[in-house]
Novice: 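The structure under discussion is supplied below as structure tokens; questions concerning it will follow.
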Protein chains: 4
Amino acid sequence: MTDPSFALTLSCPNKPGIVMKVSALIYEAGGDIVTAQQFDDTLENRFFMRVVFRCATGKMDVPALRALLATLGDELEADWQLRDRSQPRRVMILVSKFDHCLADLLYRWRRGEQAMDITAIVSNHPRETFNGLDLSGLRFEYLPSTKETKPQQEQKLWSLIEETGTELVVLARYMQVLSDDLSARLAGRCINIHHSFLPSFKGARPYHQAHARGVKVIGATAHYVTADLDEGPIIAQDVEPISHGDTPEDLIRRGRDIERRVLAKAVRHHLDDRILLNGSRTVVFD
Amino acid sequence: MTDPSFALTLSCPNKPGIVMKVSALIYEAGGDIVTAQQFDDTLENRFFMRVVFRCATGKMDVPALRALLATLGDELEADWQLRDRSQPRRVMILVSKFDHCLADLLYRWRRGEQAMDITAIVSNHPRETFNGLDLSGLRFEYLPSTKETKPQQEQKLWSLIEETGTELVVLARYMQVLSDDLSARLAGRCINIHHSFLPSFKGARPYHQAHARGVKVIGATAHYVTADLDEGPIIAQDVEPISHGDTPEDLIRRGRDIERRVLAKAVRHHLDDRILLNGSRTVVFD
Amino acid sequence: MTDPSFALTLSCPNKPGIVMKVSALIYEAGGDIVTAQQFDDTLENRFFMRVVFRCATGKMDVPALRALLATLGDELEADWQLRDRSQPRRVMILVSKFDHCLADLLYRWRRGEQAMDITAIVSNHPRETFNGLDLSGLRFEYLPSTKETKPQQEQKLWSLIEETGTELVVLARYMQVLSDDLSARLAGRCINIHHSFLPSFKGARPYHQAHARGVKVIGATAHYVTADLDEGPIIAQDVEPISHGDTPEDLIRRGRDIERRVLAKAVRHHLDDRILLNGSRTVVFD
Amino acid sequence: MTDPSFALTLSCPNKPGIVMKVSALIYEAGGDIVTAQQFDDTLENRFFMRVVFRCATGKMDVPALRALLATLGDELEADWQLRDRSQPRRVMILVSKFDHCLADLLYRWRRGEQAMDITAIVSNHPRETFNGLDLSGLRFEYLPSTKETKPQQEQKLWSLIEETGTELVVLARYMQVLSDDLSARLAGRCINIHHSFLPSFKGARPYHQAHARGVKVIGATAHYVTADLDEGPIIAQDVEPISHGDTPEDLIRRGRDIERRVLAKAVRHHLDDRILLNGSRTVVFD
């Protein structure tokens, strides 16, 4: 699963010459571009770029490259990130009772579909809740939460994130709302799966809401978590047709399939450095 | 396009024996069932049925059949409708400036895809707005509407509906809100196409709303018109994936394709007696 | 998961009165129809019917009902089957090395999505191949097969099917071709998942074939097994768009998602008595 | 509809520095990149690039830019094309009796969705075949063809293509097979819509073939025409689910919707310089 390449993601105000300058810099550092994508948001006049490159010459001086990028980044007023793709990202998965997304992520991870190291599985339900799943070799933390204990438990969670060097937190049907403070600290690196086609049916029991409204299509939405519940930047959505014959329970069952594949796609794109934030929206280079 | 068959649609409180009683009645009247669909809404304890049958014996005594159905309908406390499918329904199409849905309906009608007679095209824009379309042989009525003239214009519209024997009114991107009164009079026989995936993005400029929210899928919704704007029973919905690269104008362009096929499907299902109302929702036997 | 209802499936030459006769018989036996679907194949003049009914009166005389159905079945020259839905079907799953379909079926079964009892997991690979999966409480049979031992192994397989009372065999990416004889004995009760959108790309390595041809959509097909390889009646198909950037390995990965959901759907429909054979095709009441 | 920008498409053996060299050249010529896409086919070791740029400085010296590109193209052993997007491409549409694709292309062209000038509509059926369509202002050529006259008629067709400066030929359900010679002369600039999900159901009456096989999904395929019938590089495909209830006539009707949107997409992508040939496959930057 190790991938001997680097990913550069960059966004900045648009002006002529960005592609040339970035690609020249990579070329001079001995890099060979494997794939590159650009997007010019003409409405916002902002430029977005993702470049994956490998070393063409056997040895790449990464610190030197970073220094050059820092200089260019300043010149372009750019947000940028350079990542060594041979290092899988460190991912923590949070889950409540419904384990279909967790089961799916674990299966894909074992198959090598998701390039990540799992730092811990954290749940507000005890380990035996997940007896049907093979958690062997994985750290499991039981962090029950009540209205009273929530602040302490979030503090424990944050300590765990820091201690384990977690880079991405995945809310795989985690039915606890994160505090504004924690949401802010995890900005751009906490992905939630919402079981509706946002912005329809925010809040609780979206499949019951969908049934009551009589929609003919249901969906799920993966988004980055922000303090504003169910309003974070959307990463991926998918839908399925339903019919009058589907009960709320049928929608929940069908929804499980949609949720797991939408979340898997969002996590995969994040791990693959394909997502850039564009205000309250995302640029997804797929 | 004439179809020598009959369609019976029926809904009533569920109890044992309905299928038997209805099918026996059809059999005794000389009918041969071509297709039949039933749905038992166990949450509402209401039963829905659609039966299409042809005459097995050469001659069917329709008035006698109606009389028998009236008796059975009373016994079952049923809403029912018997329709002779050799008579195309009489349909009026209302349109404002955007004519893609109108163009599509006309093309399908000329190809024989929609079993209807068009009573009139009505618009709040003058006939020359639609110069690109072939309206030959079709009645066109220009009914401009201002805040002040709206009541009179709606009265003219209603007179036209009555005079022409219109059975179904299609709002093919008609950008005028019908009054509560007219909505009520057209209950269950007025189909609107809304250019969003309801209940997301109600109201004006839904594609701009969708762009601003950063959704990854857009859609369109065909529904029966009720006094409650954008809240009527949904008949059909469809969606398409979009990306960060799509501007609001791109969404409008892509949306045209979705709108025209969703509206065509809803109209087709209505003309084919496939839609039954179930409170604020629909049963669609497709 | 027990469902106190009965499913009757029936097909016969079309003639007037079938729906009435069948529904009358159910009514007289004390049944209350929950859902019923009919389809008249006018090209073949053959009628298909599925009726699910529960007992309306507290007690249903099933042997008497069967006797009445036998008489009616003779009169109608019908193929028919009456099944007590409180008895889950007995299902054997065959698998080779790729376990994504097996993993998915097991997960759905544990969640109660598939109304079945698993009689055994059978593989031509040893049990440790599936160490990532929880097979606790399940019988596992290792039946390796070579060209020479194939007849004996198929004999063992057949004995196992008989001994365990297996009613449905699922080939969940089982890479061994069944003999004509075994295929015939399992006619209509052995479902295979083929990893292409049949009839495209029959035979080996379909994703490599798809890549070489440059198609823009890939798919998977669930079908009943017949002696004619990859030619059995199709139950379900699904597809996903791909792009020029997808390597054969990407197609294999994407294909896993399609395969598992298509197979799950086909098995679910079979267990739910929704599939009737119509020559080399299927009628699927969904 | 005029777009004051340029599109450069380029493919060549992969080696380091291509993006840099191309983007430097554009920058020095006064261009500002609006969007750029690259793809490295690692299996074939071939690099593909599409760059859209506008003039950043008010005036661009296009001949000078072409000269620079010619030199770079030689160095890279590249196939490349530079196109001024303010000049719509000149397109000829060929059609037989079924006019749904033609009607759709004309509607989109009138709405400004397709950036093209139509040089002529050519048919082997007389003009009155298309009386339902508005062909005003368009050249129509009736070129009936029999086995005997085919060579002469193809000669006439070729003369018409040359005389009108046609750059793209669209076979919008044109039921005549082009000769090998004409196919070769139109390589990479003749798009056909095939009414099946290729490579399934090549040849005649694909919807009847699909019905007979009992597939659960049908589709359509837009591809470049080659001498090898139904084997040309695929540009776009789309599909729709069908059921046992669909007759061959239903498939033909549903297929019309798929065909017109797949062909429109392929033509749009061609006009937008998004398609590059990669042997018998295509790279589509969408």
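Each chain gets a letter, A, B and so on, in the order its sequence line appears, and its residues count up from 1.
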Novice: Measure the spacing between CG of D/D40 and CZ of A/F53 and express it to the nearest 0.5 Å.
Specialist: 14.5 Å

Novice: Would you say D/F98 has more than 12 foreign heavy atoms packed within less than 6.0 Å of its CZ?
Specialist: no

Novice: Which heavy atom of A/G31 sits nearest to which heavy atom of D/P16, and what is that distance?
Specialist: O-CB, 4.4 Å

Novice: Could you measure the distance from the CE atom of D/M20 to the CD1 atom of A/I33? Nearest 0.5 Å is fine.
Specialist: 9.0 Å

Novice: Could you check whether atom NZ of D/K21 has more than 12 heavy atoms from other residues, nucleotides or ligands sitting under 6.0 Å from it?
Specialist: yes

Novice: Which one, A/V19, A/T35, A/T42, leads in non-hydrogen pairs under 4.5 Å with chain D?
Specialist: A/V19

Novice: To the nearest 0.5 Å, tell me how far A/Q38 CD sits from D/Q38 CD.
Specialist: 5.0 Å

Novice: If I take atom CZ from residue A/F285 and atom CD from residue D/Q37, how far apart are they, to the nearest 0.5 angstrom?
Specialist: 9.5 Å

Novice: Quick one, A/D32 and D/N14 - any side-chain contact, counting heavy atoms below 4.5 Å?
Specialist: yes

Novice: Rounded to the nearest 0.5 Å, what separation is found between the CD1 atom of A/I18 and the OH atom of D/Y27?
Specialist: 10.0 Å

